[in-house]
Amino acid sequence: MHFIFRICGILSVFGLGMAVVTPALSADFPNRSLEFVAGYKPGGGHDTLLRSMAKVLTEQSIVKVPINVINKPGGSSAVSMGYLNTKKGDGHYLMSITSSHLTTPLYADIGIDYADFTPIARLGVDPELLVVNASGKFPTMDDILKSDKVFNVGGSGTGSLEHIVAVQFGKKTGKKINYIPFQGDGEVVAALLSNQLDFIMTNPGAVLDYIKTGKFKALGISTENRIEALPAVPTFKEQNIDILLSLYRGVTAPADISDEAKQYWIDKMTELNASPAWKQKYLQPNSVVQAFIAGDDFKQYLKNMQAVYKTTLMELGLIK
């Protein structure tokens, strides 16, 4: 409840629901500098994505006008959503989005959700890995599937994507899961290293070094196909476990922007996605898997993902 009241207080500051409609764009877009909005503090995933994007777009001359990156942290992206909502009709703004863009409106009635913006593109995904301690009791997926114990599974906080994937794994395999939430990747890794957990659900970036040194083993990944960074790790689907859930990383624009502005952003994100510099300077260093979709395809993806989150969070008793 404290979370809900905090969000409501934040939104009242930004006057959510009383959006300012800017004048129509001129025929020549963009006609001034662009603003990228990160919903979390500097140094976080949203901030890193946007600053890397701004750098590549500028250095590769994909965008010819100045780009400013600003941070609007608070309320698990509620503040940034409220801020962008006041920019209706103005295509000069772009905001980074991940799962909180869908889950925050589900946890608390903030008056808007993903459909109140203009989805532009999904730029990549952070897959979920099922990871075990190589010296633990379950070194293979078969060992897990043949066991009838209640598995202690670690991951980030309650209601997180890791939690949802752990629940999905239990449902798809018939295994009993006791999910143990931690405050960060470091705590999850430490608990698995000391064999306090049977396995964990996490993103590749958190465990890649441990897998390379042989301390951990990844037994499944939540992508459609195997990934370049971990080619030996089979997908869940390969193992007849129907799980396709990853943390998406994308961008959205304000509502009611012109068709010209929307197409401009789709074109620029398409150019960015095709740029080798984007792969070298953002995707590879941050263990993000290239998974580009844009426009209406991205909008449909968000609709589908919201349904998955809503169903699972209701099953967990986290929302009604």
Side-chain angles (χ1 to χ4, degrees), residues 99 124-248 283-284 286-291 305 308 311-312 315-316:
S99 59
V125 296
D126 290 349
E128 292 300 321
L129 289 172
L130 188 158
V131 179
V132 299
N133 189 317
S135 63
K137 296 180 180 179
F138 304 97
T140 71
M141 185 67 80
D142 280 345
D143 292 322
I144 292 175
L145 297 179
K146 289 177 181 177
S147 175
D148 59 0
K149 73 161 290 183
V150 176
F151 290 97
N152 292 317
V153 182
S156 56
T158 301
S160 66
L161 184 62
E162 285 83 2
H163 191 179
I164 290 173
V165 173
V167 170
Q168 289 286 312
F169 181 82
K171 289 175 63 177
K172 302 293 183 180
T173 62
K175 301 292 111 178
K176 295 179 181 178
I177 301 295
N178 174 39
Y179 186 77
I180 303 172
F182 291 82
Q183 292 300 311
D185 291 337
E187 292 184 8
V188 177
V189 167
L192 186 61
L193 280 170
S194 58
N195 281 313
Q196 297 176 48
L197 301 167
D198 296 311
F199 58 87
I200 64 175
M201 293 295 184
T202 189
N203 63 81
V207 293
L208 200 55
D209 289 343
Y210 294 93
I211 293 171
K212 289 179 177 178
T213 59
K215 292 182 178 179
F216 289 170
K217 289 179 64 178
L219 305 183
I221 191 166
S222 65
T223 46
E224 181 75 39
N225 301 300
R226 298 190 185 199
I227 67 171
E228 183 178 340
L230 294 166
V233 179
T235 66
F236 287 118
K237 285 190 69 176
E238 284 181 67
Q239 302 171 85
N240 296 314
I241 304 169
D242 187 19
I243 297 176
L244 274 175
L245 287 173
S246 297
L247 178 69
Y248 71 89
L283 296 175
Q284 290 178 337
N286 294 284
S287 300
V288 176
V289 177
Q290 196 166 25
M305 287 301 298
V308 172
T311 298
T312 307
E315 289 175 355
L316 292 171

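Keep in mind it's a predicted model, so treat the numbers as computed, not measured. Just so you know, these numbers use all the heavy atoms, side chains as well, and skip hydrogens, waters and symmetry mates.
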Rounded to the nearest 0.5 angstrom, the OG-NZ distance for S147 and K176 is 11.0 Å

From Y210 atom OH to N133 atom CG, the distance as rounded to the nearest 0.5 Å: 11.5 Å

Among I221, I227, I243, L244, which residue satisfies the side chain to side chain contact (heavy atoms under 4.5 Å, CB included) criterion with T235? I221

Nearest heavy-atom neighbours spanning L130 and M141: CD1-CE, 4.3 Å

Donor-acceptor pair, distance only, cut-off 3.5 Å: does the side chain of K172 make one with the backbone of I241? no

Show, in sequence, the C-alpha distance, side-chain angles and deciding distance for L245 and E128, and conclude whether the side-chain contact (heavy atoms from CB on, under 4.5 Å) test is met. CA-CA 7 Å; L245 287 173; E128 292 300 321; 5.8 Å; no

Would you mind reporting whether F151 and T173 have side-chain heavy atoms less than 4.5 Å apart? no

Check the surroundings of atom NZ in K175: do more than 12 heavy atoms from other residues, nucleotides or ligands lie under 6.0 Å from it? yes

Closest heavy-atom contact between Q239 and P234? NE2-CG, 3.5 Å

Show me the pairs that pass salt bridge (charged side-chain N to carboxylate O under 4.0 Å, His left out) and involve residues 136-154, at least two apart or across chains. K149-D198

Closest heavy-atom pair and its distance - G154, L197: CA-CD1, 3.7 Å

For L247 and L161, the nearest pair of non-hydrogen atoms, with its separation, is N-CD2, 3.1 Å

Would you tabulate the side-chain donor-acceptor contacts of residues 199-208 under 3.5 Å, counting partners in other chains and residues two or more places apart, or write 'none'?
{"from": "N203", "atom 1": "OD1", "to": "G205", "atom 2": "N", "distance (Å)": "3.1"}
{"from": "N203", "atom 1": "OD1", "to": "A206", "atom 2": "N", "distance (Å)": "3.2"}

Does any part of the side chain of E228, heavy atoms only, come nearer than 4.5 Å to the side chain of Q290, both counted from C-beta? no

CZ (F236) and CG (L129) are apart, to the nearest 0.5 Å, by 7.5 Å

Between N225 and T223: side-chain donor-acceptor atoms closer than 3.5 Å: no

Scanning both residues in full, the closest heavy-atom pair of V289 with P127 reads CG2-CG, 3.5 Å

Which heavy atom of A191 sits nearest to which heavy atom of F182, and what is that distance? CB-CZ, 3.7 Å

Give every donor-acceptor pair under 3.5 Å between a side-chain atom in residues 162-169 and any protein atom, sequence neighbours left out.
{"from": "E162", "atom 1": "OE1", "to": "S156", "atom 2": "OG", "distance (Å)": "2.6"}
{"from": "E162", "atom 1": "OE1", "to": "S160", "atom 2": "OG", "distance (Å)": "3.4"}
{"from": "H163", "atom 1": "ND1", "to": "G159", "atom 2": "N", "distance (Å)": "2.9"}

Check whether any side-chain heavy atom of I211 lies under 4.5 Å from a side-chain heavy atom of V233, and answer yes or no. no

Rounding to 0.5 Å, atoms CD (Q196) and CD1 (I180) come to a distance of 8.5 Å

At what distance, to the nearest 0.5 angstrom, does CG of L219 lie from CZ of F138? 11.5 Å

D126 and V288: side-chain contact (heavy atoms from CB on, under 4.5 Å), yes or no, with the steps? CA-CA 5 Å; D126 290 349; V288 176; 3.3 Å; yes

